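As structure tokens, the structure follows; a few thoughts come after it.
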There are 2 protein chains.
Amino acid sequence: MDGKIVNLKSKLEIYKAMTAGANFADCPVRDVMRGINGKWSPLLVMALAEKPYRFGELRRLVPDISQRMLTQTLHELQRDGYVHREVFPTKPPSVEYSLTDLGRSMFHPLYQLVQWAELNHEAVREARATFDAD
Amino acid sequence: MDGKIVNLKSKLEIYKAMTAGANFADCPVRDVMRGINGKWSPLLVMALAEKPYRFGELRRLVPDISQRMLTQTLHELQRDGYVHREVFPTKPPSVEYSLTDLGRSMFHPLYQLVQWAELNHEAVREARATFDAD
DNA sequence: TGTAACGGTCTCAAAAAGAGAGCAGCACTA
DNA sequence: TAGTGCTGCTCTCTTTTTGAGACCGTTACA
């Protein structure tokens with residue numbers, strides 16, 4: 001493995017942290033990763049990293065999310081402390097979602113991963129084509 | 001947002017890339033993220049980043065994965081080009097899984113995210129406790 | 001002869017996600 | 001003043017995904 005970037009000892013520690021325990025409650029890393037790892041969570045965090053959005057705006061922005069999953073995912077992100085939800089007493093009331101400091105801090109490594117995906121999607125595409133050809 | 005680390009222009013580009021198109025086929029970034037984002041994929045990539053493992057070893061290492069999901073996740077990781085599967089003609093045949101170059105390159109940003117989770121799991125725990133208290 | 005390990009597949013039940021109707025409150029229009 | 005639309009949801013129903021666990025053929029070893 002690449003020792004220049006990743007030190008083996010700490011890597012082993014993380015790896016052990018992820019595999020320790022028989023259930024999620026026993027493994028903090030997997031517990032946190034689970035909240036980040038959802039189908040819609042990264043997308044919404046990426047969107048909110050740009051600027052705060054209202055419920056309806058997010059819905060129009062991500063046309064293929066169901067209202068149910070948008071509500072639910074935002075609720076989970078709020079619970080985990082990544083997203084702040086603010087209700088404005090307009091008529092009808094509008095609700096704005098924004099990233100918290102914790103959310104912005106999590107955005108940085110997430111962004112690295114998304115950037116990797118952007119740079120390497122062609123390689124993944126090719127790998128799939130080669131694999132499916134057999 | 002933090003302009004020191006993330007340039008707004010490229011961030012907007014990524015964000016647009018993630019929200020473009022009505023389905024996955026139209027959005028390469030989400031398409032790739034989907035393969036990385038599975039419930040078990042990050043865990044298996046972390047494990048294989050340490051060293052190659054055989055099927056049974058992975059099963060013992062991650063006791064709460066079902067055999068079905070282990071087979072399926074490894075198959076998907078192999079299809080996307082992150083994992084190499086090698087069969088040795090022993091009796092009975094043994095199968096070794098290892099990370100490819102693409103897999104190792106993806107491991108780096110993934111590791112950043114896992115590291116973030118390790119450093120911040122206490123903050124997430126607290127956020128949840130506060131949220132649930134209301 | 002019987003049992004165990006290897007790396008799976010198959011079936012069935014449970015959980016999660018998607019589609020879409022319904023809802024209460026207010027503003028605006030006809 | 002009746003109708004329509006916008007807000008941010010929740011509820012129900014159907015489809016997809018995941019989980020639990022039995023089964024499988026081959027081979028080694030007791």
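Bear in mind the structure is a predicted one, so any value in this text is a computation, not a measurement. Reminder, nothing fancy here: chain letters follow the sequence lines and each chain counts from 1.
- Taking 4.0 angstrom as the limit, B:R60 places none of its side-chain polar atoms (N or O) nearer than this to OP1 or OP2 of C:dA5.
- With hydrogens and angles ignored, the 3.5 Å screen pairs no side-chain donor or acceptor of A:Q78 with any backbone N or O of A:H75.
- Note: CZ (A:R59) to P (D:dG8) measures 9 Å, nearest angstrom.
- The structure places CG of A:L43 at 8.0 Å from CG of A:D64, a figure rounded to the nearest 0.5 Å.
- Checking side-chain atoms of B:R104 against main-chain N and O of B:L99 turns up a donor-acceptor pair under 3.5 Å.
- The environment of A:R128 atom CZ is dense: over 12 non-hydrogen atoms of other residues, nucleotides or ligands sit within 6.0 angstrom.
- The distance between atom CD of A:E86 and atom P of D:dG8, rounded to the nearest whole Å, is 14 Å.
- OP1 and OP2 of D:dT17 both lie 4.0 Å or more from every side-chain N or O belonging to B:W40.
- At the phosphate of C:dA5, neither OP1 nor OP2 sits under 4.0 Å from any side-chain N or O atom of B:K91.
- Per the geometry, CD1 belonging to A:I65 stands 11 Å off C1' belonging to C:dA17, to the nearest Å.
- An OP1 or OP2 oxygen of D:dC9 is reached within less than 4.0 angstrom by a side-chain nitrogen or oxygen of A:Y97.
- Residues from residues 68-84 of chain B with heavy atoms under 4.0 angstrom of DNA chain D, sorted by number: B:R68, B:M69, B:Q72.
- Between C:dG18 and A:K39, a contact under 4.0 Å exists linking OP1 or OP2 to a side-chain N or O.
- Proximity note for B:P92 (side chain, C-beta onward) versus D:dT26, D:dT7, D:dG19: the nearest is D:dT26.
- The shortest heavy-atom contact between A:G81 and A:T100 is O-OG1, 2.6 Å.
- With values rounded to the nearest 0.5 angstrom, B:D80 atom CG is found 8.5 Å from B:L102 atom CG.
- A:F88 comes within 4.0 angstrom of no nucleic acid atom, judged by non-hydrogen atoms across all strands.
- Among D:dT7, C:dG7, D:dT10, the nucleotide with an atom closest to any side-chain atom of A:Q67 is D:dT10.
- To the nearest 0.5 Å, atom CG of residue B:L77 and atom CZ of residue B:R85 are 13.0 Å apart.
- Rounded to a whole Å, the CD atom of A:E57 is 14 Å from the C1' atom of D:dC6.
- Regarding B:D64, its CG atom lies at a distance of 9 Å from the P atom of D:dG19, rounded to whole Å.
- The distance from atom CD of A:E96 to atom P of D:dG8 is 11 Å, rounded to the nearest whole Å.
- For B:R34, the side-chain atoms get nearest to D:dT17 when compared with the rest of D:dT7, C:dG8, D:dT17.
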